[in-house]
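Working notes for the structure below.
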Amino acid sequence: MKKQQSISRFFTAT
Amino acid sequence: MLELRLVQGSLLKKVLDAIKDLVTDANFDCSESGFSLQAMDSSHVALVALLLRSDGFEHYRCDRNLSMGMNLTNMSKMLKCAGNDDIITIKADDGGDSVTFMFESPSQDKVSDFEMKLMDIDSEHLGIPETEYHAIVKMPSAEFARICRDLSTIGDTVVISVSKDGVKFSTSGDIGSANVVCRQNNSVDNKDNETVIEMNEPVSLTFALRYLNSFTKATTLSNTVTLSMSKELPVVVEYKIAEIGHIRFYLAPKIED
């Protein structure tokens, strides 16, 4: 089962 | 003091139409380099990044960096009151709690101003690293919109696969399945009709179609769209905005647990 990822997982907060 | 005069005001109307259903509230950031926005959708699956470069405005005055929180539904209501040929000027005072949109008809015989209250929005700014993408597909934006719309009548997710044969969009649902393959083509007459695939290595990613369908509301901004993909990374769906900037949508993939 593929799970929807969160976009913030891929980018870092600045 | 902020004063930005955009002769082709319809671009701002189109930008709002493209993002207002994805994002409710957002901070517009104004600096020397341009007018920009970065915002996530409420479920934090997609991110939109808009840039309108300062040199694309007829007049651009921004004395100090300013972040203006706006409700995009309300902003869209106001911009709908501008004619498609109107010149739009955005004005704000430093530290003020409102922004004014001024609309001028092309013949200057009608001038309107609409003042909108600003809001405090606590939003996280994300750093988007420069990435070497495994595959970049440039295709007609209307074609991409058509494919997303068609496939969403069959299934909820799409697998986008880029190989040397082309780019394949696949979906399946209760009633059946569908595949659309677009091959690279070179149009002599019109570059906008071309599908161009740059591939360093094959890549296949799964995405929720409802977000891609939402992104295609930007189709009116550009005749072409670019999809940049790397394994297990968000896809970047980019629409260039003629001579002035771009709107980029980032969508997180669905990944096997």
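Just so we're on the same page: letters track the sequence lines, and every chain starts at 1.
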Quiz item: Closest approach of V45(B) and Q4(A), non-hydrogen atoms and distance?
Solution: CG1-NE2, 3.2 Å
Quiz item: With ring centroids as reference points, do F10(A) and Y250(B) lie under 6.0 angstrom apart?
Solution: no
Quiz item: So does D156(B) have more than 12 non-hydrogen atoms from other groups sitting under 6.0 Å from CG?
Solution: no
Quiz item: Hey, what do you get for CD1 (I7(A)) to CZ (F249(B)), rounding to the nearest 0.5 Å?
Solution: 12.5 Å
Exercise. Identify the heavy atoms of F11(A) and P234(B) that sit nearest to each other, and give their distance.
Key: CZ-CG, 4.2 Å
Quiz item: Under a 4.5 Å heavy-atom cut-off, does chain A meet the side chain of E124(B), its backbone, both or neither?
Solution: side chain
Exercise. Mind ranking I255(B), L251(B), L126(B) by heavy-atom pairs under 4.5 Å with chain A and telling me who comes out on top?
Key: I255(B)
Quiz item: Shortest non-hydrogen contact from S6(A) to A252(B)?
Solution: C-CB, 3.9 Å
Quiz item: Which heavy atom of M1(A) sits nearest a heavy atom of E256(B), and at what distance?
Solution: N-OE2, 2.6 Å
Self-check item: Exceeds 12 heavy-atom contacts within 6.0 angstrom, atom CG of D97(B)
Solution: no
Practice problem: Measure the CZ-CG distance between R9(A) and L233(B) for me, rounded to the nearest 0.5 Å. | Solution: 9.0 Å
